[in-house]
Amino acid sequence: MFALVDINGAFVSMEYVFRPGDRNKPGVVLSNGDGCIIAANKLAKNLPGFEMYSPAFQMEEVLKKYNVLRFSPNFELYVDMSRRFIEELKCFTDRVEMYSIDEAFLDMDFLNVDYTEYGHTIRKAILKNLDLPVGIGIAPTKALCKVASKVAKKYINVTNGVFTIDNEKSRIKALKWLKIEDVWGIGRRFAKKLQAMGIKNAYQFTQLPDSWVRSNMTVVGLRLKHELQGISCLSLNEIDDPKKEIGTAKSFGTLLSDYELIKEATSSYVEYCAGKLRRQNSVASAILIHLETNSFRTQDEQYYNRIVVTLPVPTSDTALLIRHACDGLQKIFKPGLKYKRVGVSCIGLFPDSSIQGNLFFETNPKTIKLQKTVDFLNMKYEQGTIRLASSGYNRQHWESKAALRSPRYTTRLNEILNFGEDVLALQFKGKN
DNA sequence: TCTGGGGTCCTAGGACCC
DNA sequence: TCTGGGGTCCTAGGACCC
C-alpha cells in the first residue's frame with residue numbers, strides 16, 4: 001500500500017502560515033512577473049468567474065471584487081516549507097518519495113496499522129506542526145492513490161481529508177466517478193481523443209483493450225491502465241536522483257531589443273544553472289539557448305530559435321559555460337525584434353567524477369579552485385555577492401518585478417517574521 | 001498594457017557498425 | 001534484372017507532470 005500526501009492549495013497555504021489573520025480570505029499566488037494565477041486556496045477557487053491558471057489581468061475584476069490577496073511567487077519560501085513537510089513525513093515511515101514540491105508518496109507496507117486511521121494521524125501532525133492542510137489518498141498503486149486523494153478532497157466533509165481504496169467496490173466506484181480528463185497521466189491531448197471515443201471516466205478507460213492502449217498511448221498509457229486496475233507498476237522512488245538537465249527561462253520585465261541586455265540575462269541564468277549543476281556534482285556536455293518573441297502580440301514579427309552548443313569538455317565552470325552560451329546567443333539573435341524571453345539549459349549531464357577529457361583542451365585546475373571559492377563566498381554571504389561581470393549591473397532593465405513577494409521568512413535572517421500584528425495574532429492562537 | 005517555469009519519459013527515424 | 005541481416009546510439013518531437 002502507498003499513501004499520497006499533498007498540501008492543499010500549497011503555495012497559498014504556505015503564505016498563510018505567516019499571515020494567520022488572513023486565513024479566511026481568498027488568496028492566489030501569481031507566476032513570475034505576476035502574469036498568471038498558479039496557485040489558489042479553496043476560497044479563491046470557489047469564487048464565481050474564477051479560473052485557475054488564467055492571466056491575472058483577465059481575472060482582475062474577480063480578484064478586486066472579492067478582495068483576493070495576491071502574492072508574487074516566493075519559491076525560496078516554498079522550497080524551505082516543502083523540506084519541512086518531507087521531514088515531518090519521515091517521522092511516520094522511513095520510506096518517503098518526494099514527488100513534487102507539495103506532494104509525497106509513502107510506503108505503507110510493513111506498517112502494522114489501520115491505514116485510514118494512520119492517515120488521519122499524519123494529517124493532524126502536519127496541521128499542528130507546520131500549520132499546513134493536507135489531503136491523503138491511500139491505495140495499492142500510485143495512480144489509485146491519486147484517485148483516492150481526489151475523493152478525499154472533494155468529499156472532505158465525509159472523509160475528513162483521508163480516503164482509502166482497498167477493495168474492488170471502492171476502486172470501481174471511485175474510477176466511475178473520476179472524469180477522464182482528471183486522471184493522473186491523461187493530459188489534454190489524450191483526454192480529448194478518449195472523450196471523442198466515448199470514454200468519459202477512468203473506469204471506462206480501464207476497460208479498453210491493452211493492445212489499443214499500448215499502440216496509441218505507448219507503454220506509459222498501458223502502465224497507467226494497469227495501475228488503475230490495481231496492478232502496481234510504479235514503485236516508490238526514494239532516491240533523489242541527480243537532475244538530467246538543469247535550465248532556466250524567464251520572461252523579461254519588458255520586451256527587449258537590446259542585445260547587451262539579453263546577453264546579461266543569459267549570462268545571469270547560466271550562472272544560476274551552473275550553481276545548481278555544481279551542487280549536484282554534475283558537469284554539462286552541452287548548453288542549449290533559446291530565444292523568443294511574445295507570441296501573444298500578433299502585431300509583432302514573431303521569432304523563435306534555439307541552438308545547442310557542445311562544450312569542448314564537459315564542465316560546470318560558470319565562466320566557460322557563459323562564454324559558450326553567449327556564442328550561441330549571438331548566432332540566433334536577430335536584431336530589430338522585440339524579445340520576450342531567453343532560456344538556457346545545461347544538458348548531457350553526468351557526474352563530475354567521470355569526466356572524459358579532451359585531447360586538445362586542457363582544464364586549468366586553478367579554475368576549479370576559484371569556482372569553489374566563489375561558491376563558498378556566495379553561500380556564506382548572499383547569492384550574487386561574487387559574480388561574473390557579464391552578468392552585469394542592469395538587472396532592473398530586464399528582470400521582471402515581484403512587487404507582491406512576501407518576506408523569505410525562513411531563509412533570510414533580515415526577513416524573519418516581524419514582531420508586529422502577525423505575531424500577536426499567532427500568540428493569540430496559543431502558538432509561538 | 002498585462003498571458004509561468006522547470007522538469008521527465010517514450011518513440012520513430014536517421015545514422016552508423018559489422 | 002538482381003542488392004542482407006542484425007544490431008546500437010542519438011535526437012527531435014510529443015506527451016505528460018506540478
Side-chain angles (χ1 to χ4, degrees), chain A residues 4 6-11 28-40 51-61 63 70-75 78-79 82 97-105 142-143 146 149 181-194 213-224 227 233-234 237 240-255 269 272-273 276-277 280 285-286 288 290 292-300 304 306-308 310 338 340-349 400-404:
Chain A
L4 172 70
D6 77 311
I7 305 173
N8 301 341
F11 295 163
V28 295
V29 172
L30 305 168
S31 61
N32 182 44
D34 298 335
C36 288
I37 296 166
I38 58 163
E51 250 182 87
M52 194 68 170
Y53 309 113
S54 57
F57 75 90
Q58 279 176 10
M59 280 295 114
E60 191 59 40
E61 229 171 280
L63 298 182
R70 296 174 219 209
F71 299 89
S72 301
N74 187 352
F75 280 100
Y78 310 148
V79 166
S82 172
E97 171 187 347
M98 182 180 175
Y99 176 68
S100 77
I101 194 163
D102 66 342
E103 294 167 275
F105 284 105
K142 283 180 164 182
K146 280 276 185 181
S149 137
E181 65 267 30
D182 294 334
V183 175
W184 182 50
I186 305 278
R188 260 221 291 275
R189 289 299 259 270
F190 284 126
K192 224 174 149 186
K193 186 167 179 170
L194 291 164
V213 179
R214 174 67 182 82
S215 62
N216 287 278
M217 303 177 69
T218 79
V219 294
V220 181
L222 189 56
R223 219 149 38 202
L224 175 63
E227 280 259 318
C233 307
L234 303 169
N237 182 17
D240 198 3
D241 292 323
K243 299 242 178 302
K244 293 173 179 170
E245 55 181 84
I246 292 176
T248 193
K250 287 197 190 79
S251 302
F252 306 127
T254 55
L255 296 176
Y269 294 172
Y272 176 70
C273 291
K276 275 178 144 181
L277 208 54
Q280 69 161 30
S285 43
L288 182 151
H290 71 91
E292 60 195 277
T293 51
N294 185 349
S295 58
F296 288 104
R297 286 178 60 94
T298 44
Q299 68 271 37
D300 291 351
Y304 173 91
R306 52 187 257 164
I307 188 169
V308 174
T310 305
K338 294 178 194 158
K340 163 85 173 157
R341 170 178 25 216
V342 69
V344 306
S345 199
C346 297
I347 55 178
L349 309 190
S400 65
K401 296 181 179 52
L404 307 171

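Letters go in sequence order (proteins before strands), and every chain restarts at 1.
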Tell me whether [X] contacts the main-chain N or O of [Y] through its side chain, where contact means a donor paired with an acceptor under 3.5 Å.
| X | Y | result |
| --- | --- | --- |
| A:S400 | A:G253 | no |
| A:E181 | A:R188 | no |
| A:S285 | A:G348 | yes |
| A:E292 | A:R341 | no |
| A:E103 | A:D6 | no |

Can you confirm whether or not the ring centre of A:Y272 sits under 6.0 Å from the ring centre of A:Y269?
no
With ring centroids as reference points, do A:F11 and A:F71 lie under 6.0 angstrom apart?
no
Mind checking the P distance from B:dT3 to C:dC18? Whole angstroms is fine.
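Here B:dT3 and C:dC18 have their P atoms 25 Å from each other.
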Checking all strands, does [X] fall into the base, sugar-phosphate, or nothing category for heavy-atom contacts under 4.0 angstrom?
| X | result |
| --- | --- |
| A:V29 | nothing |
| A:L30 | nothing |
| A:E103 | sugar-phosphate |
| A:K146 | sugar-phosphate |
| A:T248 | sugar-phosphate |
| A:D34 | nothing |
| A:K276 | sugar-phosphate |

Go through the structure and list residues passing side-chain contact (heavy atoms from CB on, under 4.5 Å) with [X], not counting sequence neighbours.
| X | answer |
| --- | --- |
| A:S215 | none |
| A:K338 | A:L255, A:S257, A:R297, A:D300 |
| A:Q280 | A:P242, A:K243, A:I246, A:S282, A:L349 |

Which heavy-atom pair separates A:F252 from A:V342 by the least distance, and what is that distance?
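Minimum heavy-atom contact is CZ-N, 3.6 Å.
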Contact residues, residues 215-224 of chain A to DNA chain B [heavy atom, < 4.0 Å]:
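Contacting residues: A:T218, A:V219, A:V220, A:R223.
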Runs of at least three Watson-Crick or G-U pairs with DNA chain B, cut-off 3.5 Å
B:5-18 with C:5-18
Contact boundaries on DNA chain B for chain A, cut-off under 4.0 Å to non-hydrogen atoms:
B:dC2 to B:dT11
I want to confirm an ordering. Mapping A:K243 and A:S31 to their closest nucleotides on DNA chain B, which one lands closer to the 5' end?
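Nearest-nucleotide comparison on DNA chain B picks A:S31.
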Taking the nucleotide of DNA chain B with the closest heavy atom to each, which residue, A:P242 or A:K250, is nearer the 5' end?
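With A:P242 and A:K250 compared, the 5'-side residue is A:K250.
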